[in-house]
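See below for the structure under consideration.
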Amino acid sequence: MSGRSRARPLGVVVGALPPGPLNAITDVEGVLVGHTTIDDGADLHTGVTAVVPRPPRPLPAAVHTGNGYGKLVGSTQVDELGVLESPIVLTGTLSVFRAADAVLTYLMRAHPRGLSFNPLVGETNDGFLSDIRRRPITERHVLDALEGASGGLPAEGCVGAGTGTTALGFKAGIGTSSRQVEAGMPVTVGALVQANFGGVLTVRGVPMPVEELVPGAARVEPPGNSCVIVLATDAPLDARQLGRLARRAIFAMGRVGASYAHGSGDYAIAFSTAPQRPVLPDAALDPVFAAVMDAVEEALLNSLFMATTTTGVHGHTSHAVPYDRLRAG
């Protein structure tokens with residue numbers, strides 16, 4: 001990502017809450033991220049992103065569906081039981097089923113006696129820039145992302161499951177951010193997004209249409225546009241409360257100009273890494289809600305600001321956000 005910058009170094013600071021040390025989902029202790037990127041410089045721009053909680057154990061979790069035009073494998077069991085039993089894997093739409101099978105391989109290796117598993121695999125449609133019908137994701141690609149997951153600042157922009165995505169008229173990808181708040185105890189909230197949705201880029205309340213920032217560029221809103229948001233927190237919360245966080249993650253898309261279109265599969269997945277203990281009272285959650293909103297907004301901006309102009313299948317081009325015009329805005 002040489003030459004590209006996250007939002008904060010550009011002077012775009014979202015809210016007053018402090019970020020974690022890395023300003024990333026990996027600021028939540030025990031949360032790792034891995035990517036596998038497929039980019040042949042021509043027709044394939046896709047990949048896999050894995051969010052891997054460590055140590056592996058069932059975690060309280062919730063899924064919120066803002067608009068269900070998508071394929072989130074494993075979501076109904078998370079809804080029913082309120083438990084996350086696998087890493088979370090993101091990829092392109094037509095590869096989601098192969099990716100789920102690969103996660104099953106990973107889980108079966110980890111639990112040789114297991115007879116039932118619930119891989120949680122999400123997607124957005126990267127078919128505008130990548131030859132999605134080739135379904136290039138293999139088991140090895142998924143296992144590499146899972147086995148290579150690590151702490152530290154995750155790569156952002158055109159990497160992993162964000163390699164071929166477009167959002168708000170510009171090239172987008174993977175983005176991450178975090179916030180630290182006091183909610184009767186110190187709490188960290190981290191967000192990671194796979195951004196691929198329509199609307200008009202809005203930065204701190206100012207609309208910045210691609211037609212104005214990139215003269216001559218046509219608005220790009222490919223069909224099947226979507227967004228998947230992953231939230232991690234060390235706050236002791238139950239599944240119901242995590243559902244409240246997940247809903248606010250979808251709300252935060254509106255801050256950056258999301259159109260919430262008919263064909264946009266907008267999902268948020270929230271989980272807690274806290275050891276079992278009494279959960280926070282609902283009355284203490286306001287600062288955590290604020291942390292979710294700010295972290296998701298900044299993660300979405302990072303997903304665009306870190307992405308590079310990409311030309312893909314059929315000569316389609318998605319332009320990077322131009323920083324000079326951004327500053328002028």
Side-chain angles (χ1 to χ4, degrees), residues 1-25 35 37 39 41 45 49 124 126 128-129 152-179 191-222 225 227 229 252-259 293-312 316-329:
M1 292 291 103
S2 176
R4 300 300 289 173
S5 175
R6 307 182 85 195
R8 283 181 178 251
L10 296 172
V12 180
V13 178
V14 175
L17 298 174
L22 299 173
N23 193 15
I25 195 171
H35 298 298
T37 299
D39 186 344
H45 301 271
T49 294
T124 70
D126 53 18
F128 181 73
L129 292 174
L153 179 61
E156 297 174 285
C158 304
V159 295
T163 305
T165 64
T166 293
L168 303 167
F170 294 93
K171 183 67 186 76
I174 298 295
T176 187
S177 184
S178 70
R179 292 294 185 274
L192 181 141
V193 302
Q194 180 192 20
N196 190 54
F197 56 95
V200 175
L201 174 62
T202 301
V203 180
R204 292 188 300 194
V206 179
M208 297 187 176
V210 65
E211 302 92 325
E212 295 181 11
L213 268 64
V214 184
R219 169 157 293 280
V220 176
E221 291 202 15
N225 46 10
C227 187
I229 302 167
M253 292 173 60
R255 289 185 173 183
V256 299
S259 60
M293 296 285 285
D294 286 357
V296 172
E297 180 181 358
E298 187 165 342
L300 290 167
L301 293 176
N302 285 337
S303 77
L304 284 106
F305 293 176
M306 288 295 287
T308 55
T309 297
T310 301
T311 298
H316 294 163
T317 298
S318 288
H319 295 275
V321 173
Y323 296 153
D324 56 342
R325 303 300 297 275
L326 180 70
R327 292 192 184 97

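Numbering starts at 1 and runs along the sequence shown.
The closest side-chain heavy-atom distance from L300 to L168 is not below 4.5 Å. Using a 4.5 Å heavy-atom threshold, the side chains of P322 and F170 count as touching. With a 4.5 Å cut-off on side-chain heavy atoms, L129 and K171 count as touching. Between L201 and V210, the closest side-chain pair of non-hydrogen atoms is not below 4.5 Å. Within the 4.5 Å cutoff, side-chain heavy atoms of T310 are placed close to those of C158.
Summarising the geometry, atom CG belonging to N302 is positioned 4.5 Å from atom CZ belonging to R6; distances are rounded to the nearest 0.5 Å.
The salt bridge (charged side-chain N to carboxylate O under 4.0 Å, His left out) contacts involving residues 294-303 comprise R8-E298, R179-E298, R255-D294, R255-E297, where partners must be two or more places apart or lie in separate chains. Applying the salt bridge (charged side-chain N to carboxylate O under 4.0 Å, His left out) definition to pairs two or more places apart or across chains, none involves residues 192-204.
Of the possible donor and acceptor atoms, none in the side chain of S318 sits under 3.5 Å from a partner among the backbone N and O of H316. Using modelled atom types, no side-chain atom of Y323 and backbone atom of R4 make a donor-acceptor pair closer than 3.5 Å. In this structure, the side chain of T176 engages the main chain of I25 through a donor-acceptor pair within 3.5 Å. Between the side chain of T309 and the backbone N or O of A320 there is at least one donor-acceptor pair closer than 3.5 Å.
Neither side chain, H45 nor T163, offers a donor N or O lying under 3.5 Å from an acceptor on the other. Side chain to side chain, T165 and D126 fail the donor-acceptor criterion of an N or O pair below 3.5 Å.
E211 pairs by the salt bridge (Lys or Arg N to Asp or Glu O under 4.0 Å) definition with R219, not counting sequence neighbours.
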